[in-house]
Amino acid sequence: MSFPFLSGERLYLRPLEESDADGDYPTWLNDGEVSQGNAHHRFPYTREAALAYIRRAGTEVRDTVILAMVLHEEGVHIGNISLQRIDYVSRNAEFAVLLGVKSCWGEGYGEEAGRLLLDHAFFSLNLHRVYCGTFSTNIGMRRLAEKLGMVEEGCRSEAVFKSGRWLDIVEFGVLRQAYVEKFGGPDV
């Protein structure tokens with residue numbers, strides 16, 4: 001069992017573990033409701049696929065930070081959160097989150113985990129900008145981006161085909177200075 005990598009009030013973030021493939025995690029990506037706001041749920045997701053992903057995430061890859069979101073009290077793995085496409089020259093990365101346990105939706109877990117990861121991005125990895133894109137229909141992710149201090153930067157019209165229709169992708173981003181002004185940090 002891994003130790004917490006980043007810890008908050010109600011949850012902690014840890015590396016994915018092979019045992020996660022034996023839990024509910026693989027079912028999240030087979031659930032159309034859980035995956036309605038992302039590019040998953042196009043092909044069946046198996047335990048073997050989850051295990052291969054977990055093994056890749058655990059390697060010495062330096063352009064991605066993928067972590068499990070785990071509740072302190074129950075020890076339950078409720079989702080994954082990541083920084084992807086980390087560019088150390090331009091000092092930016094893409095933020096992504098998947099909250100797989102529906103009973104945890106709307107409870108602020110994404111915001112708590114997001115703050116932990118953005119603090120890490122700006123104050124440990126020394127990034128300048130963090131961004132994300134989400135379907136225009138994904139109201140929860142759009143609200144989360146705003147709660148994390150991100151601002152809407154643009155829209156890619158009809159950029160993805162999902163569930164029989166074309167969807168726009170709305171782009172969000174936050175610069176380190178704007179994040180510090182909103183939440184504080186070592187720069188203050």
Side-chain angles (χ1 to χ4, degrees), residues 13 25 28-45 49 53 56-57 61-69 78-102 104-123 125-185 187:
L13 307 180
Y25 165 48
W28 303 338
L29 302 180
N30 289 320
D31 184 322
E33 188 177 11
V34 171
S35 298
Q36 69 184 344
N38 59 49
H40 298 292
H41 199 256
R42 291 193 172 135
F43 299 96
Y45 196 70
Y53 178 77
R56 276 193 315 275
V61 177
R62 297 289 182 215
D63 67 347
T64 305
V65 175
I66 303 168
L67 300 167
M69 299 164 53
I78 62 168
N80 296 337
I81 192 164
S82 64
L83 294 172
Q84 304 171 70
R85 297 179 180 89
I86 300 172
D87 179 336
Y88 292 103
V89 175
S90 297
R91 294 179 37 217
N92 64 60
E94 180 180 15
F95 172 85
V97 63
L98 173 69
L99 189 53
V101 177
K102 295 178 194 176
C104 293
W105 291 2
E107 299 297 321
Y109 293 116
E111 184 178 0
E112 182 176 342
R115 287 283 314 281
L116 289 170
L117 193 58
L118 289 184
D119 282 356
H120 181 70
F122 292 126
F123 309 131
L125 298 178
N126 195 30
L127 297 182
H128 176 68
R129 179 176 179 270
V130 174
Y131 61 93
C132 70
T134 190
F135 299 163
S136 57
T137 55
N138 191 346
I139 303 305
M141 183 61 201
R142 293 175 71 169
R143 286 184 184 142
L144 175 60
E146 291 170 354
K147 286 179 181 179
L148 294 174
M150 294 186 186
V151 296
E152 188 173 323
E153 296 178 331
C155 178
R156 289 187 278 152
S157 299
E158 297 185 4
V160 67
F161 188 76
K162 178 85 184 232
S163 301
R165 62 188 175 144
W166 290 102
L167 298 172
D168 297 345
I169 294 179
V170 181
E171 301 287 349
F172 291 87
V174 61
L175 299 177
R176 175 187 172 123
Q177 189 57 43
Y179 184 83
V180 168
E181 288 171 7
K182 182 171 178 104
F183 298 110
D187 295 352

Discussion item. Keeping Tyr88 on the side-chain end and Arg62 on the backbone end, is there a donor-acceptor pair under 3.5 Å?
Written reply: yes
Worksheet item: Does NZ in Lys102 sit with more than 12 non-hydrogen atoms of other residues, nucleotides or ligands closer than 6.0 Å?
Response: yes
Item to complete: Just jot down the side-chain hydrogen bond (donor to acceptor under 3.5 Å, both in side chains) partners of Lys182, sequence neighbours excluded, or say none.
Response: none
Item to complete: Using side-chain hydrogen bond (donor to acceptor under 3.5 Å, both in side chains) as the criterion, list what pairs up with Glu158, not counting sequence neighbours.
Response: none
Practice prompt. Let me see the working for Leu98 and Met69 under side chain to side chain contact (heavy atoms under 4.5 Å, CB included), right down to the final yes or no.
Written response: CA-CA 9 Å; Leu98 173 69; Met69 299 164 53; over 6 Å; no
Which atom of [X] lies closest to which atom of [Y], heavy atoms considered:
X	Y	answer
Trp105	Leu99	NE1-O, 2.9 Å
Ile66	Ala57	CD1-CB, 3.7 Å
Val130	Ala121	CG2-CB, 3.9 Å

Practice prompt. Take Arg176 and Asn126, measure what side-chain hydrogen bond (donor to acceptor under 3.5 Å, both in side chains) needs, and give me the verdict at the end.
Written response: CA-CA 9 Å; Arg176 175 187 172 123; Asn126 195 30; 3.2 Å; yes
Discussion item. I need the Ile81 CD1 to Leu116 CG distance, nearest 0.5 Å.
Written reply: 8.0 Å
Discussion item. So, taking the atom named CD in Glu94 and the one named CZ in Arg129, what distance separates them when rounded to the nearest 0.5 Å?
Written reply: 10.0 Å
Worksheet item: Any side-chain heavy-atom pair from Trp28 and Ile78 closer than 4.5 angstrom?
Response: no
Practice prompt. Quick one: list whatever passes ring pair (Phe, Tyr, Trp, His ring centres under 6.0 Å) with Tyr179, sequence neighbours left out.
Written response: Phe122, Phe183
Please table the atom pairs, donor to acceptor, closer than 3.5 Å between any side-chain atom in residues 131-141 and protein atoms at least two apart or in another chain.
unit_1: Thr134; atom_1: OG1; unit_2: Asn138; atom_2: ND2; d: 3.2
unit_1: Asn138; atom_1: OD1; unit_2: Met141; atom_2: N; d: 3.1
unit_1: Asn138; atom_1: ND2; unit_2: Gly37; atom_2: O; d: 3.1

Worksheet entry | Results of side chain to side chain contact (heavy atoms under 4.5 Å, CB included) for Ala93 - residues two or more places apart only | Leu83, Ile86, Leu127
Discussion item. Among residues at least two apart in sequence or on other chains, which ones pass side chain to side chain contact (heavy atoms under 4.5 Å, CB included) with Arg156?
Written reply: Ala159, Ile169, Glu171
Worksheet item: Does the pair Arg115 and Leu148 meet the rule for a side chain to side chain contact (heavy atoms under 4.5 Å, CB included), with working shown?
Response: CA-CA 7 Å; Arg115 287 283 314 281; Leu148 294 174; 3.9 Å; yes
Item to complete: For a side chain to side chain contact (heavy atoms under 4.5 Å, CB included) with His128, tell me which candidate from Asn92, Asp87, Leu175 qualifies.
Response: Leu175
